Amino acid sequence: MLSLTGLPLQIIASVVALCVFAATMWFWPRLGGGGWKAWTGRIGAFLATQIAVLVAMGLIANGYFGFYSSWSDLLGTNGKPGTVVDHQPNAAASLSVTGEKNMYSAQGSARDRSGLIQEVSVSGRASGLSSDAFVYLPPQYFQPEYAQRSFPMALVLAGYPGSAEKLITLMQYPASALSAIEQNKLPPTVLVLMRPTLSGNRDTECMDIPGGPQVETFFTSDLPTAMAANYRIGTDPANRAVIGNSTGGYCALKFALRKPDAYRSAVSLSGYYTAPIDETTGDLFGGSAQLKQENDLLWRLKNKPAEPVALLLATSYDENNYAGTQAMVNAFKAPTKLSTITLDTGGHNFHTWTREIPPALEWLGRHLTMPQAA
């Protein structure tokens with residue numbers, strides 16, 4: 001079966017839409033008249049054209065934005081029976097590698113020249129949650145001169161509903177990181193690429209929801225523990241950063257401000273500063289006004305003691321978050337460090353974010369520290 005997000009299906013749907021449109025124009029004169037057959041023919045041709053065009057546009061939009069990653073995801077059938085995993089008391093979070101592929105660059109495809117992408121499954125003890133992820137290991141990870149070195153880590157989060165694959169194929173984080181590393185703008189860094197959604201398709205806004213999924217605990221406790229246990233990752237919070245777009249940007253800032261012992265640097269691309277409540281989120285705060293306030297980032301900057309973290313906020317004069325970004329700039333205080341990227345124009349889309357990723361990675365290079373040599 002053709003991939004739901006693949007280019008071949010988009011091309012086929014577009015060709016079908018064009019053919020249906022052309023057929024409608026060709027047969028339209030023959031559907032004239034006032035009888036019921038003529039009316040039925042015209043209505044049928046009109047509906048067929050509209051449906052074909054909408055299907056083609058929907059497939060192209062889904063392929064670009066990654067709303068649904070597969071047919072089973074679209075149809076709500078993406079659910080093999082769960083596998084029971086028995087854990088020992090006080091066991092660390094676990095991680096298993098389920099696949100891998102080489103990165104490709106101008107230097108070739110060998111992993112010690114361009115790096116390696118691994119697909120992994122992470123299970124968290126503290127949160128009780130599990131999730132798939134992609135891990136990009138830079139070429140230095142495999143080079144003899146770095147054999148005894150640990151590396152910094154950057155968690156990369158998509159928006160909601162988002163797709164981790166799009167962080168690789170469309171936003172090109174591994175390729176951009178490799179370029180920044182080769183230009184000495186970023187230390188050799190391990191990337192962990194994920195969706196922020198860990199509980200079905202619910203938009204949890206990376207919350208520890210009262211009586212619900214403990215998503216913040218997974219990302220700030222379980223994931224760093226699992227990565228450090230399975231890769232040569234530095235354990236100092238200064239060795240860890242998080243970057244995300246849209247919902248992922250809100251989560252990135254929240255992790256740094258609420259859990260600075262997990263991440264000391266955070267980048268938000270078109271992120272917002274307070275969690276929305278709608279049909280995709282449900283009740284995030286259990287009716288607690290205090291909990292809602294605690295997750296309002298502007299309120300935290302104004303009312304909580306400043307944390308020793310570095311934040312980068314990306315926006316444009318056209319973005320809905322522009323006014324909120326200015327309010328954040330006016331509210332922060334030392335020792336928090338805050339920087340911004342403001343584009344002349346740019347909407348809430350992948351094209352805007354791909355323009356912001358290179359300078360954001362360069363900014364991370366100034367704030368993400370390389371672990372000390374053993």
Side-chain angles (χ1 to χ4, degrees), residues 82-99 117-137 150-160 162-164 167 189-244 247-267 275 284 291 294-295 307 309 368 371:
T83 301
V84 176
V85 179
D86 296 322
H87 299 277
Q88 299 300 319
N90 300 319
S94 63
L95 181 150
S96 59
V97 178
T98 58
I117 297 175
Q118 293 186 329
E119 188 169 3
V120 303
S121 177
V122 183
S123 297
R125 178 181 64 85
S127 67
L129 295 173
S130 299
S131 179
D132 295 331
F134 292 97
V135 174
Y136 169 63
L137 302 172
S150 294
F151 293 81
M153 169 191 128
L155 169 61
V156 184
L157 291 174
Y160 174 84
S163 164
L167 296 172
T189 301
V190 173
L191 304 183
V192 186
L193 305 107
M194 301 184 67
R195 299 175 68 199
T197 304
L198 304 183
S199 181
N201 285 323
R202 183 179 182 183
D203 179 9
T204 62
E205 297 292 324
C206 298
M207 279 281 301
D208 278 353
I209 299 175
Q214 305 295 287
V215 179
E216 184 177 61
T217 295
F218 176 89
F219 282 117
T220 59
S221 177
D222 289 332
L223 182 65
T225 299
M227 288 298 297
N230 290 272
Y231 295 98
R232 302 197 311 273
I233 299 293
T235 57
D236 191 299
N239 305 147
R240 295 192 294 264
V242 55
I243 178 173
T247 300
Y250 167 72
C251 294
L253 299 177
K254 183 165 70 170
F255 293 161
L257 289 171
R258 285 176 53 85
K259 301 296 178 66
D261 287 340
Y263 303 97
R264 287 290 170 84
S265 303
V267 179
L284 297 176
L291 187 58
E294 288 282 337
N295 286 271
E307 300 290 353
V309 296
L368 191 59

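Below, all heavy atoms of this structure are taken into account, side chains as well, without hydrogens, waters or symmetry copies. Bear in mind the structure is a predicted one, so any value in this text is a computation, not a measurement.
Leu167 pairs by the side chain to side chain contact (heavy atoms under 4.5 Å, CB included) definition with Val156, Ala158, Met171, Tyr173, Leu193, Asn245, not counting sequence neighbours. Partners of Thr189 by side chain to side chain contact (heavy atoms under 4.5 Å, CB included), not counting sequence neighbours, listed by chain and number: Pro152, Ala154, Leu186, Pro187, Leu191, Leu368. Judged as a side chain to side chain contact (heavy atoms under 4.5 Å, CB included), and not counting sequence neighbours, the contacts of Asp236 are Ala238, Asn239. For Phe219, the ring pair (Phe, Tyr, Trp, His ring centres under 6.0 Å) partners at least two apart in sequence or on another chain are Phe255. For Ser131, there are no side chain to side chain donor-acceptor pair (under 3.5 Å) partners at least two apart in sequence or on another chain. With sequence neighbours left out, Arg232 forms a salt bridge (Lys or Arg N to Asp or Glu O under 4.0 Å) with no residue at all. By the ring pair (Phe, Tyr, Trp, His ring centres under 6.0 Å) test, Tyr250 is found to be paired with Tyr272, residues two or more places apart in sequence or in another chain being considered.
Listed by first then second residue, pairs satisfying salt bridge (charged side-chain N to carboxylate O under 4.0 Å, His left out) with a partner in residues 197-209 number zero, not counting sequence neighbours. Residue pairs meeting the salt bridge (charged side-chain N to carboxylate O under 4.0 Å, His left out) criterion with at least one partner in residues 213-227, sequence neighbours excluded, are Glu216-Arg258, Glu216-Lys259. Sorted by first and then second residue, the ring-ring contact (aromatic ring centres under 6.0 Å, His included) pairs involving residues 193-217 (not counting sequence neighbours) form an empty list.
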Between Leu223 and Leu155, does a side-chain contact (heavy atoms from CB on, under 4.5 Å) hold up when you go through it step by step? CA-CA 9 Å; Leu223 182 65; Leu155 169 61; 3.7 Å; yes
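Scanning both residues, Gly234 and Arg240, for their nearest heavy atoms gives O-NH1, 3.9 Å. Heavy atoms only, all atoms of each residue included: Leu157 and Gly248 are closest at CB-CA, 3.8 Å.
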